[in-house]
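Everything on this sheet refers to the single structure shown next.
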Amino acid sequence: MHTLDIDSINTRFGIDKHLRFERGSNDFAMIEISNSLATASLTLQGAQLLTWAPTGHRPVVWLSKQAKYQQGKSVRGGVPVCWPWFGPHSSEPKYPGHGYARAACWEVCTTEALANGATSLTLRLIRTDDQGQYWPYSTPLELHIVVGTQLVMELRTRNLGATAVTIGQALHTYFGISDIRNVKVLGLDGARYLDKVDGGKEKLQSGPVTFSGETDRVYLDTDATCVIDDPGLSRRILISKAGSRSTVVWNPWIDKAAALGDMGDTGYLNMLCVESANAADDTVVIAPGDEHVLAVTYGVETLG
Ligand code: TA6
């Protein structure tokens, strides 16, 4: 992790009590945000948002109690940035799963206290020589975030090269829920999906998505807003997106969670990933001089 002078970065980008840089677990550079509308925290490594809680609500974004803070590895939970491919690399099995951006060094471009009380910031992936082995292209990556009663995340890829590039990506968001056995995901009824726990077979979603075991699905050709309906917490989490036609739904369940080693024995019960992606056949070709933005807005509403 590049050396970071916390005092100087607070001088340059801190916003009094609204946005502060601190040293967290294992010396991770953390960004702590607190405004009248919400609180949030991020690691500078991977530009990984770890927590988001709108005022008056329990945390919406989930962070494992057993999360490990290891340089060069994403933290279990929050919103890992999967880029410039999703899942295993299409031809190089030794390349890092979900790309390299989520474990790399990022830098701060801007921070701002907005007139409506929200806090915005933009982070940029630092290009290092070792990335060239995976990705020999000139494609600056920025993540713009607005923390308020909603959480807005915009992942922007620009192609400064002379040839077209093809990217896969996802905002791999972990949501906090009461109990995976009692929630359902609305919005995907009728969508085709690849069932990764059944050999990648293509299937058709009928009705809400419910959970009774390991679930790992890539929903195809869908730009639908998804809703996590959580009666146990008397709330709905809303996930609306643009620049994405694939949505990944994942819960590792008992055995896979135990194998991951950073979710504890029961963590799987209280998390659910609904990932806004460009995955499977939904990869994006970016022409020279062009850009692509994967944008998501998260909201929460109380039931009843
Ligand atoms: O998005 C679902 C998934 O691809 C699962 O197959 C599982 O591997 C998950 O991502 C977590 O991956 P990670 O590399 O963060 O442990």
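Count residues from 1 along the sequence. Start at 1 and go down the list; that is how both ligands and their atoms are numbered.
- No side-chain donor-acceptor contact under 3.5 Å links Glu202 and Tyr193.
- Looking from atom 11 (C) of ligand 1 to the surrounding protein, the closest heavy atom is Trp250 CH2, 3.7 Å.
- Taking all heavy atoms of His172, Lys256, Arg102, Glu214 into account, the minimum distance to atom 15 (O) of ligand 1 is reached by Arg102.
- Between Tyr174 and His172, the ring centre distance stays below 6.0 Å.
- Ligand 1 places these atoms under 4.0 Å from at least one heavy atom of Phe86: 1 (O).
- Within ligand 1, the atoms closer than 4.0 Å to a non-hydrogen atom of His98 are 3 (C), 4 (O), 10 (O), 12 (O), 14 (O), numbered from 1 in the order shown.
- For ligand 1, the atoms sitting less than 4.0 Å from at least one non-hydrogen atom of Glu275 are 1 (O), 2 (C), numbered in the order shown with element in parentheses.
- Electrostatic pairing of Asp282 and Arg245 does not count as a salt bridge here, judged by no charged N lying under 4.0 Å from a carboxylate O.
- With hydrogens and angles ignored, the 3.5 Å screen pairs a side-chain donor or acceptor of Thr55 with a backbone N or O of Leu37.
- For atom 5 (C) of ligand 1, the nearest protein heavy atom (residue, atom name, distance) is Asp216 OD2, 3.3 Å.
- The ligand atoms of ligand 1 that sit less than 4.0 angstrom from a heavy atom of Arg76 are 11 (C), 13 (P), 15 (O), 16 (O).
- Numbered from 1 in the order shown, with element, the atoms of ligand 1 that lie under 4.0 Å from a heavy atom of Val248 read 1 (O).
- Asp198 has a carboxylate O that lies under 4.0 Å from a charged side-chain N of Lys203, or vice versa, which qualifies the two as a salt bridge.
- Atom 8 (O) of ligand 1 is never approached by the protein to below 4.0 angstrom, counting heavy atoms only.
- Using a 4.0 Å cut-off between charged nitrogen and carboxylate oxygen, Asp262 and Lys68 do not count as a salt-bridge pair.
- Counting atoms of ligand 1 from 1 in the listed order, those under 4.0 Å from a heavy atom of Lys196 are 4 (O), 6 (O).
- Ionic pairing of Glu142 and Arg156 is not present here: no N-O contact between side-chain nitrogen and carboxylate oxygen is shorter than 4.0 angstrom.
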